[in-house]
There are 2 protein chains.
Amino acid sequence: MKTYTIKDIAKLAGVSKGTVDRVIHKRGKVSQKAFDAVTKLLEEIDYQPNPMARNLKNNKIYDICLVLPNPEEDSFWEPCILGANQAIEEFKSFGVNIKLFFYSPTSTKSFQDVNNKVLKLKPDAVLLTPLFYKESVSVAKNYQLAGIIVSIFNNQIDSKQVVSFVGQNLFQSGRVAAQLMHMIVPEKSEVVIVHIDETFNNAIHMQQKEKGFRDYFGEFRGTNNNVSVLSVKQENLYQSLIEFLKSNQNISGIFVTTSKAYKVVEILQQNNFKNIKLIGYDLLTENIDLLKSNIISFLIHQSPKTQTYLGLTYLVEHFLFKKEIPSKKLLPIDIVNSENLGSYLEN
Amino acid sequence: MKTYTIKDIAKLAGVSKGTVDRVIHKRGKVSQKAFDAVTKLLEEIDYQPNPMARNLKNNKIYDICLVLPNPEEDSFWEPCILGANQAIEEFKSFGVNIKLFFYSPTSTKSFQDVNNKVLKLKPDAVLLTPLFYKESVSVAKNYQLAGIIVSIFNNQIDSKQVVSFVGQNLFQSGRVAAQLMHMIVPEKSEVVIVHIDETFNNAIHMQQKEKGFRDYFGEFRGTNNNVSVLSVKQENLYQSLIEFLKSNQNISGIFVTTSKAYKVVEILQQNNFKNIKLIGYDLLTENIDLLKSNIISFLIHQSPKTQTYLGLTYLVEHFLFKKEIPSKKLLPIDIVNSENLGSYLEN
DNA sequence: GTGAAAGCGCTAACAG
DNA sequence: CTGTTAGCGCTTTCAC
């Protein structure tokens, strides 16, 4: 169980450390004979360089920028700061420097401005949430041209420039919501999918959840529940929802595809609608309180904190230990109710 | 954003690297004057030693032994091997050597024998599942006397010799099961808690789950569901269960406190009992199939793989990076149904 | 008490 | 093409 060093290999192959290093790093300038001898040995003993020593030499400070929507404008993003802080704490003594940047989730302009600012800083990598599709693709291109690694999380875009995505399978999470709904509403009752958006930049996000939700109920078509959709901008929510519910008296369940389930609850309570089951997303404090009192039945947890922490960790370990960055990491779709809530909040 | 080294500090304090090192490690033999100067500087710049360099010198191989029940006797433990392999893979190039040892979950003797064998190997740390309470306490003492760090996972014991526990809040997981059950069985129907055990070594485990389950239903006492208990050894399960169900015709839900829900299903199916909802534990392949076909409604995931991986990781990072080992880590209580199952299996 | 020096494993520059 | 050498930051030994 000995662990071999480059020195050992040099001795065994009858060459110097320098030559072994050249073989390992394919720097050329090695005779065929030496190359073969060393290669053979490396394979035989399954040589793994000591990551500590490798890094020690390379005394560089790695700069990573995290770009996400301002949590003050949408508290969904708050846990990301905790995830970032955890990574900052954990890696600071390794010479990793993580900086946070916020853009306004309602402004493509602000998204572009912030990213241009980051671009000028020339960090080693950027982790961002690509809320705006088109702009994100172009931003990613710019980063790549500048030799900056780009990872994304939470929202997915299709771009070769992006090395890694951390998030959730949204279609499937729609199915999960549907099954839970199916379980808690009466047979043959009506349920409605409510999309609430400020600027429709979440369109893709919400569509996938809707598809999954419908897909599930589609398997029971004819015999079972009836699914409708209400798609509104946030400022019209009150009026539209009331109207909808008045003309659809049999609604027994609402699936809110964003983290704004608590807004729907407000309206239901003000207008004295009872016996409507609710399923939504994300452990915002407003949602948590309603979950605890069982006014919301289930929340699906998208783990923004873990997403952020993982996205950053992949980048750091790539720099520090030359680990491969997973191109796609789909987190579990956590079902949260009032009883297991605490166990998620602790983590 | 410069990162300071002991060389910098030595220069600033007008002393040598050696003196700085002595101050940092409180090795004494430093004049008050030098001590004060260096201490002040260390605090001012919040000095963090470079963990890579620190470890490089210390070219030691760390031996960690993992002791758990033989997965061939109880497949619940299978994922632990995956978790262990992940840790082995990840840390092997850091000079960490993790070895696995199995004992028979039905034999205290085998538990003791295996641990004695491990003790003789004098590893740096042991991670074990203390299935047998009394024996585990004594085993932990022996390890500690030999200067071996002991961590435990999955099962908890009360022992000062144990530095870390990774697992789940079982009482709370019982409550989670109860709430789910409450949601899927008719009002005022009867539910039963089934404990299945080979040797009653899981007694504490199962009791806590039962307490949580009862606690939840207790909050609805009088108006609601009636909870009974069936406690059997595995070999008597068939007969006892049939008998119980025949004399309790109104049972509409069964909560199985171990990973053996599939055994209960077998019996129900053979005897043509219908419309009984099932909630159990753990993603064993037998359970997974029944979950997929919705014969089991929910499984609570105890994440044995993650438990193992985390338990090992804490030890490794303690040795390698002098990180503190968390004395207690409670994992989320994951609710798994047929729709979010896939997202857990991938992870 | 203290400083100087060697060395952990790896990299990279330099001389041959 | 190849070997030697210096040095990353820290620890430890040794001599003063």
Side-chain angles (χ1 to χ4, degrees), chain A residues 1-39 41-42 45-62 91-96 319-323, chain B residues 1-39 41-42 45-62 91-96 319-323:
Chain A
M1 195 53 215
K2 179 175 165 33
T3 142
Y4 288 87
T5 73
I6 204 169
K7 199 169 139 194
D8 298 322
I9 295 168
K11 199 181 292 173
L12 288 168
V15 297
S16 73
K17 291 195 302 173
T19 302
V20 175
D21 188 67
R22 276 182 282 262
V23 172
I24 291 172
H25 296 96
K26 304 188 207 313
R27 280 197 241 283
K29 308 190 179 193
V30 179
S31 70
Q32 191 63 41
K33 194 177 144 225
F35 181 87
D36 291 343
V38 172
T39 307
L41 273 168
L42 288 176
I45 65 179
D46 184 29
Y47 171 73
Q48 308 277 134
N50 179 325
M52 308 283 203
R54 170 178 288 195
N55 206 268
L56 184 56
K57 184 65 190 179
N58 185 22
N59 68 333
K60 163 165 175 38
I61 291 186
Y62 293 101
F91 299 123
K92 72 174 173 198
S93 54
F94 289 90
V96 175
F319 290 131
L320 255 36
F321 305 124
K322 310 254 184 286
K323 273 206 200 169
Chain B
M1 195 52 214
K2 181 175 166 28
T3 141
Y4 288 87
T5 72
I6 52 174
K7 200 170 140 192
D8 299 321
I9 295 170
K11 200 181 294 173
L12 288 168
V15 296
S16 73
K17 291 194 300 173
T19 301
V20 175
D21 188 68
R22 276 182 281 262
V23 172
I24 290 172
H25 295 96
K26 307 188 205 317
R27 281 196 238 283
K29 307 189 178 198
V30 179
S31 68
Q32 190 63 41
K33 194 178 145 222
F35 181 87
D36 291 343
V38 172
T39 306
L41 274 167
L42 288 176
I45 65 180
D46 184 29
Y47 171 73
Q48 308 277 133
N50 180 327
M52 309 284 201
R54 172 179 287 197
N55 208 268
L56 184 54
K57 184 65 188 182
N58 185 20
N59 68 335
K60 155 158 181 45
I61 292 187
Y62 294 100
F91 299 123
K92 73 175 172 197
S93 56
F94 289 89
V96 175
F319 290 131
L320 255 37
F321 305 124
K322 311 252 184 285
K323 274 205 200 166

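Treat the numbers as computed from the prediction; the structure is a model and nothing was measured. Residue numbering restarts at 1 for every chain, and letters A, B, ... go by the order of the sequence lines.
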Quick one: [atom1] on [X] to [atom2] on [Y], what's the gap to the nearest 0.5 Å?
X	Y	atom1	atom2	result
B:Asn55	B:Leu320	CG	CG	4.5 Å
B:Leu41	B:Asp8	CG	CG	10.5 Å
A:Phe94	A:Ile61	CZ	CD1	14.0 Å
A:Asn50	A:Thr3	CG	OG1	7.0 Å

Whole angstrom value for the distance that separates [atom2] of [N] from [atom1] of [X]:
X	N	atom1	atom2	value
B:Asn58	D:dT11	CG	P	9 Å
A:Ile6	C:dA12	CD1	P	11 Å
A:Asp21	D:dT2	CG	C1'	13 Å
B:Asp8	D:dC8	CG	P	11 Å
B:Ile24	D:dC10	CD1	P	7 Å
A:Arg54	C:dC8	CZ	C1'	16 Å
A:Lys26	C:dA12	NZ	C1'	18 Å
B:Asn55	C:dC8	CG	C1'	10 Å

Taking only the side-chain nitrogens and oxygens of [X], find out if one of them lies under 4.0 Å from OP1 or OP2 of [N].
X	N	result
A:Ser16	D:dG3	yes
A:Thr19	D:dT2	no
B:Asn59	C:dG9	yes
A:Arg27	C:dA12	yes
B:Arg22	C:dT2	no

Presence of donor-acceptor pair under 3.5 Å, side chain of A:Lys57 and base of D:dG7: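 When only heavy-atom distances are counted, A:Lys57 does reach the base of D:dG7 through a donor-acceptor pair under 3.5 Å.
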Helix axis bend for the helix from C:dG1-D:dC16 to C:dG16-D:dC1 - C1'-based end axes, five pairs, 10° rounding: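 It comes to 50° between the two terminal axes.
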Closest nucleotide among C:dC8, D:dC10, D:dT12 to the A:Lys7 side chain: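 Closest nucleotide to the A:Lys7 side chain: C:dC8.
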Residues which pass side-chain hydrogen bond (donor to acceptor under 3.5 Å, both in side chains) with B:Lys57, listed by chain and number, not counting sequence neighbours: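 Applying side-chain hydrogen bond (donor to acceptor under 3.5 Å, both in side chains) to B:Lys57 gives none.
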side-chain hydrogen bond (donor to acceptor under 3.5 Å, both in side chains) partners for B:Asp36, two or more places apart: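 Once residues adjacent in sequence are excluded, the partners of B:Asp36 under the side-chain hydrogen bond (donor to acceptor under 3.5 Å, both in side chains) criterion are B:Gln32.
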Partner residues of B:Phe319 under the ring pair (Phe, Tyr, Trp, His ring centres under 6.0 Å) criterion, sequence neighbours left out: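 Checked B:Phe319 against ring pair (Phe, Tyr, Trp, His ring centres under 6.0 Å); matches are B:Tyr62.
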Within residues 29-38 of chain B, residues whose heavy atoms come under 4.0 Å of DNA chain C: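 Hits under 4.0 Å, by residue number: B:Lys29, B:Val30, B:Ser31, B:Ala34.
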Residues in contact with DNA chain C, drawn from residues 46-53 of chain B - heavy-atom cutoff 4.0 Å: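 Heavy-atom contacts with DNA chain C come from no residue of residues 46-53 of chain B; none.
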Option passing side-chain contact (heavy atoms from CB on, under 4.5 Å) with B:Ser93 (candidates A:Gln48, A:Arg54, A:Met52):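 Answer to the side-chain contact (heavy atoms from CB on, under 4.5 Å) test with B:Ser93 among A:Gln48, A:Arg54, A:Met52: A:Gln48.
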Given B:Ile24, B:Asp21, B:Val30, B:Val20, the one that forms side-chain contact (heavy atoms from CB on, under 4.5 Å) with B:Val38: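 The single option meeting the side-chain contact (heavy atoms from CB on, under 4.5 Å) with B:Val38 is B:Val20.
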Backbone of A:Lys60 reached by a side-chain donor or acceptor of A:Asn58 within 3.5 Å: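 Not at all, since once roles are kept as given, no pair shorter than 3.5 Å links the two residues.
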Over 12 non-hydrogen atoms of neighbours within 6.0 angstrom of NZ in A:Lys7: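 Not buried by this count: 12 neighbours or fewer within 6.0 Å.
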From CA spacing to verdict: side-chain contact (heavy atoms from CB on, under 4.5 Å), B:Ile9, B:Leu42: CA-CA 8 Å; B:Ile9 295 170; B:Leu42 288 176; 3.4 Å; yes
